[in-house]
Structure formats: structure tokens, C-alpha cells
Peer 1: 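Encoded as C-alpha cells, here's the structure I'll be asking about.
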Amino acid sequence: MSYYLSLQLSHIPFVMINARYAGMSCPCLRVDDEAGGYQAAMHLIELGHTRIAGFFKTDDLQGVERLKGFMRAVERYGLTISPAHIVMYSSTDKHTRPIEAAKQLLTAKERPTALVCYNDELAVKLLEPIREAGLSVPEQLSIVGFDDAFLATATEVKLTTLTHPKQEM
């Protein structure tokens, strides 16, 4: 907030990238994260998946919007999603909550056949519990991430990911 106020006081033009403070009327350039969540879910639905789990960090606007898009696609196609298949977590538990939830989901009787992940970092982290459950990607489980990060191709599994054009922004 102090940087924002300092820029305004000094009459320095600026544009916020990727997010902005709620209630502030300043220029902002961001990706349509809701459309991204929708596109990720649609990709999996078009592949024939009906049991899709979503992992979303909900203490930032990106995660909330990606979840909203995911739910819009699910509702559009009339899919029934178990409450356990929507994993919401915060920055403080991002290293534990998604992994624990994935372990439970992947060993359940009605396990998901596909996952939508908040970002590529999480998608890569979930590869370990996927292996532990005896599953392989993409043969037995599909996974989609966000950000088109280097991580998406740095593992033995080349992940499907939505591009986040950071450089262009």
C-alpha cells in the first residue's frame, strides 16, 4: 500500500500486473483466470473425464477466479462433483494440504480420473502422490496445470498447462 500511495503522491504513472488491491481504481493488466479455469476443465471434459478434482489456492484472486471457471464448466456439462474433489488451500498450507488431499483422493474407491491444479508447481508436486498410488500420467490420470512454467516440462511427465504470458505482460 505504501508503494501505491508513494507513486500517487509523486504523480508517477504505473500499471499493476496480474492483480490489484481491491477498492483501488488503478490500471491493471491481468490474465482472465476464470476463462483459464473453464478451459482447463473443458479440456478434461472433452477428453471424456467426468470425475475431475480441482486444487485451488483461494487466498488470492487468481485461485478464486480459476475455481469459478472450473465450476462453470462442470455446471455447464451437468457433472456432479464430490465436495472432496474440490481442494481449497491457502498460502500457509500449500505445502501440506494439497498433498494430503491428493493421497486421500487417489486411493478412494471413486477416485478422480483427472486433476486441475492451481499452477504447474502444484501439478509437479502431485506427481509423487500419484506415483505412490500406483497411477501413471497420462495413462491412468490426466492432469492440467497453469502458468506454462519450466517445471511443466522438467519432469519425466510432460504436463498439460495453460500459458500465463508473464513476459508479454
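All values derive from a computational prediction rather than experimental measurement.
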Peer 1: Side-chain donor-acceptor pairs under 3.5 Å in residues 96-107, sequence neighbours left out?
Peer 2:
{"residue": "T96", "atom": "OG1", "partner": "D93", "partner atom": "O", "Å": "3.4"}
{"residue": "T107", "atom": "OG1", "partner": "K103", "partner atom": "O", "Å": "2.9"}
{"residue": "T107", "atom": "OG1", "partner": "Q104", "partner atom": "O", "Å": "3.3"}

Peer 1: Table please: side-chain donor-acceptor pairs of residues 47-55 below 3.5 Å, with sequence neighbours left out.
Peer 2:
{"residue": "H49", "atom": "ND1", "partner": "T113", "partner atom": "O", "Å": "3.4"}
{"residue": "H49", "atom": "ND1", "partner": "T113", "partner atom": "OG1", "Å": "2.7"}
{"residue": "H49", "atom": "NE2", "partner": "S142", "partner atom": "OG", "Å": "3.0"}
{"residue": "R51", "atom": "NE", "partner": "R111", "partner atom": "O", "Å": "2.8"}
{"residue": "R51", "atom": "NH2", "partner": "R111", "partner atom": "O", "Å": "3.1"}

Peer 1: Using the test salt bridge (Lys or Arg N to Asp or Glu O under 4.0 Å), find all partners of K94 that sit at least two apart in sequence or belong to another chain.
Peer 2: none
Peer 1: For V144, enumerate each residue passing the side chain to side chain contact (heavy atoms under 4.5 Å, CB included) test, keeping only those at least two apart in sequence or located in another chain.
Peer 2: A40, H43, L44, T160, L162
Peer 1: Can you sort out the partners of D60 under salt bridge (Lys or Arg N to Asp or Glu O under 4.0 Å), two or more places apart, ordered by chain and number?
Peer 2: K57
Peer 1: Going by side-chain hydrogen bond (donor to acceptor under 3.5 Å, both in side chains), name the residues that satisfy it together with E65, two or more places apart in sequence or in a different chain.
Peer 2: none
Peer 1: My understanding is that only residues two or more places apart in sequence, or in another chain, count here; which of them pass side-chain hydrogen bond (donor to acceptor under 3.5 Å, both in side chains) with T92?
Peer 2: S90
Peer 1: Quick one: list whatever passes side chain to side chain contact (heavy atoms under 4.5 Å, CB included) with L5, sequence neighbours left out.
Peer 2: M1, Q8
Peer 1: ring-ring contact (aromatic ring centres under 6.0 Å, His included): which pairs involve residues 76-122, sequence neighbours left out?
Peer 2: none
Peer 1: State plainly whether the residues R72 and E75 are in salt-bridge range, i.e. N to O under 4.0 Å.
Peer 2: no
Peer 1: The criterion is side-chain hydrogen bond (donor to acceptor under 3.5 Å, both in side chains); which residues satisfy it with E110, sequence neighbours excluded?
Peer 2: none
Peer 1: Residues two or more places apart in sequence or in another chain: which of them pass side-chain hydrogen bond (donor to acceptor under 3.5 Å, both in side chains) with S82?
Peer 2: none
